[in-house]
Amino acid sequence: MSIKLQHLSSRVKPLLACIGMIASASASATIFHGVDFPGGAASFADSVVSYDPAFGGGTVPGAPYQDTSQALGIPNYPEGPDPEYVSLGAGGRIVLRFTDNSLTGSGDAGFDLWVFEIGPDVEDTFVDISKDGTTWFSVGKVFGATSGINIDAFGFGTSDFFSFVRLTDDIAEGDKSGATVGADIDAVGAISSAPPVNVPEPATLGLLALGFAGLAYQRRKRIA
């Protein structure tokens, strides 16, 4: 009897956890600029990995518009004092990371990733996603304003989990100069969201590599 109960418990616990996650997502569901995010504020990018407004060799934006923190969290334009976004620069690039969630496919034709780009000069942005911050996959580009991407259309599904999004301004579109040159990013959100994926930091990866190298050296010494 106790074995049967333990077996039942092992099956029921994951089910209850899933129900809890669904209930939590439903409770926090929020609409931002007309887009319904089941995970609410937790759906949006949490940290900046890198920012290079001169990446494409074009004009860089003015200093007030290089505040990368403006691309994090929920979209808040126009709700406060300017600036509320980061300008990428002509051909510039930014890499953002999800830490309390991860981007995944939905298994259907719905949009999974949303990019909130603002400003009167609508500018295109190339979008790449990555699981580890090293290997990147192109998922096309967005065409300014509030734009969504269906990552399932690029061969990904509900078993794929991405922690990184890279945005690169299309230097061929929009103005080539000015204080806010390049796409102006207010927020990036994963509407098809899953629990976070543990991705080792670059420093940790380096230590692991050194550890493996040391083990290999010791093994060669024993063989010799």
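Values in this document were obtained by computation on a predicted structure and should not be read as measured data.
- Qualifying ring-ring contact (aromatic ring centres under 6.0 Å, His included) partners for Phe154, counting only residues two or more places apart in sequence or in other chains: none.
- Of all the heavy atoms in Pro83 and Pro64, the pair that sits closest is CG-O, 3.1 Å.
- How far CD1 of Ile94 is from CG of Asp169: 12.0 Å, rounded to the nearest 0.5 Å.
- Taking Phe143 as the reference, nothing meets the ring-ring contact (aromatic ring centres under 6.0 Å, His included) condition, with sequence neighbours excluded.
- Taking each heavy atom of Pro61 and Ser87 in turn, the nearest pair found is CG-O, 3.4 Å.
- Here Thr104 pairs with nothing under the side chain to side chain donor-acceptor pair (under 3.5 Å) rule; sequence neighbours left out.
- Applying the side-chain hydrogen bond (donor to acceptor under 3.5 Å, both in side chains) test to residues at least two apart or on different chains, the pairs with a partner in residues 51-67 are Tyr65-Asp82, Asp67-Ser69, Asp67-Gln70.
- Atoms CG and CD1, on Leu113 and Ile149 in that order, are 5.5 Å from each other to the nearest 0.5 Å.
- In this structure, Ser138 contributes its side chain and Asp128 its backbone to no donor-acceptor pair below 3.5 Å.
- Partners of Ala187 under the side-chain contact (heavy atoms from CB on, under 4.5 Å) rule, at least two apart in sequence or in another chain, are Phe44, Pro75, Phe116.
- Every residue two or more places apart in sequence or in another chain was checked for a side chain to side chain donor-acceptor pair (under 3.5 Å) with Thr180, and none qualifies.
- Pairing each heavy atom of Ala45 with each of Leu96, the nearest pair is CB-CB, 3.9 Å.
- For residues 134-148, the set of pairs meeting the salt bridge (Lys or Arg N to Asp or Glu O under 4.0 Å) definition, not counting sequence neighbours, comprises Asp124-Lys141, Lys141-Asp170.
- A distance of 4.0 Å separates CG of Asp46 from CG of Asp100, quoted to the nearest 0.5 Å.
- Across every non-hydrogen atom of Asp132 and Phe164, the tightest pair is C-CE1, 3.4 Å.
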Next item on the list: Show your working on side-chain contact (heavy atoms from CB on, under 4.5 Å) between Leu167 and Val127 and close with a plain yes or no.
Entry: CA-CA 5 Å; Leu167 306 176; Val127 182; 3.8 Å; yes
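- Counting only distance, with no hydrogens or angles, the side chain of Ser163 and the backbone of Ser102 share no donor-acceptor pair below 3.5 Å.
- Scanning all heavy atoms of the two residues, the minimum distance from Ser130 to Trp136 falls at CB-CE3, 3.4 Å.
- Separating the CZ atom in Phe156 from the CZ atom in Phe162 is a distance of 4.0 Å, to the nearest 0.5 Å.
- For Ser177 and Asp175, the side-chain atoms include no donor-acceptor pair closer than 3.5 Å.
- A 4.5 Å side-chain heavy-atom check between Trp114 and Val142 finds every atom pair outside the cut-off.
- Residue Ala71 comes nearest to Val86 through the heavy atom pair CB-CG1, 3.6 Å, listed as atom of the first residue, atom of the second, then distance.
- Here the OG-CG distance, from Ser43 to Leu103, works out to 10.5 Å after rounding to the nearest 0.5 Å.
- Residues satisfying the side chain to side chain donor-acceptor pair (under 3.5 Å) criterion with Thr125, sequence neighbours excluded, are absent altogether.
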Anything under 3.5 Å between a donor and an acceptor, one on a side chain of residues 29-38, the other on a protein residue two or more places apart or in another chain? List them.
{"unit_1": "Thr30", "atom_1": "OG1", "unit_2": "Ser28", "atom_2": "O", "d": "2.9"}
{"unit_1": "His33", "atom_1": "NE2", "unit_2": "Tyr77", "atom_2": "O", "d": "3.3"}

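- For Thr158, the side-chain contact (heavy atoms from CB on, under 4.5 Å) test picks out no residue, with sequence neighbours left out.
- Of the possible polar contacts, none joining the Glu117 side chain to the Ile185 backbone as a donor-acceptor pair under 3.5 Å is found.
- Ile74 and Phe98 fall into different hydrophobic clusters, where Ile, Leu, Val, Met, Phe, Trp and Tyr side chains are chained together by heavy-atom contacts under 4.5 Å.
- With sequence neighbours excluded, the residues satisfying side-chain contact (heavy atoms from CB on, under 4.5 Å) with Arg93 are Phe55, Arg166, Thr168.
- Leu72 and Ile129 fall within the same hydrophobic cluster, where Ile, Leu, Val, Met, Phe, Trp and Tyr residues are linked whenever their side-chain heavy atoms come under 4.5 Å apart, directly or through other members.
- Judged as a side-chain contact (heavy atoms from CB on, under 4.5 Å), and not counting sequence neighbours, the contacts of Asp152 are Ser106, Asp112, Asn150.
- Grouping the Ile, Leu, Val, Met, Phe, Trp and Tyr side chains by contacts below 4.5 angstrom, directly or via other members, places Val165 with Val48.
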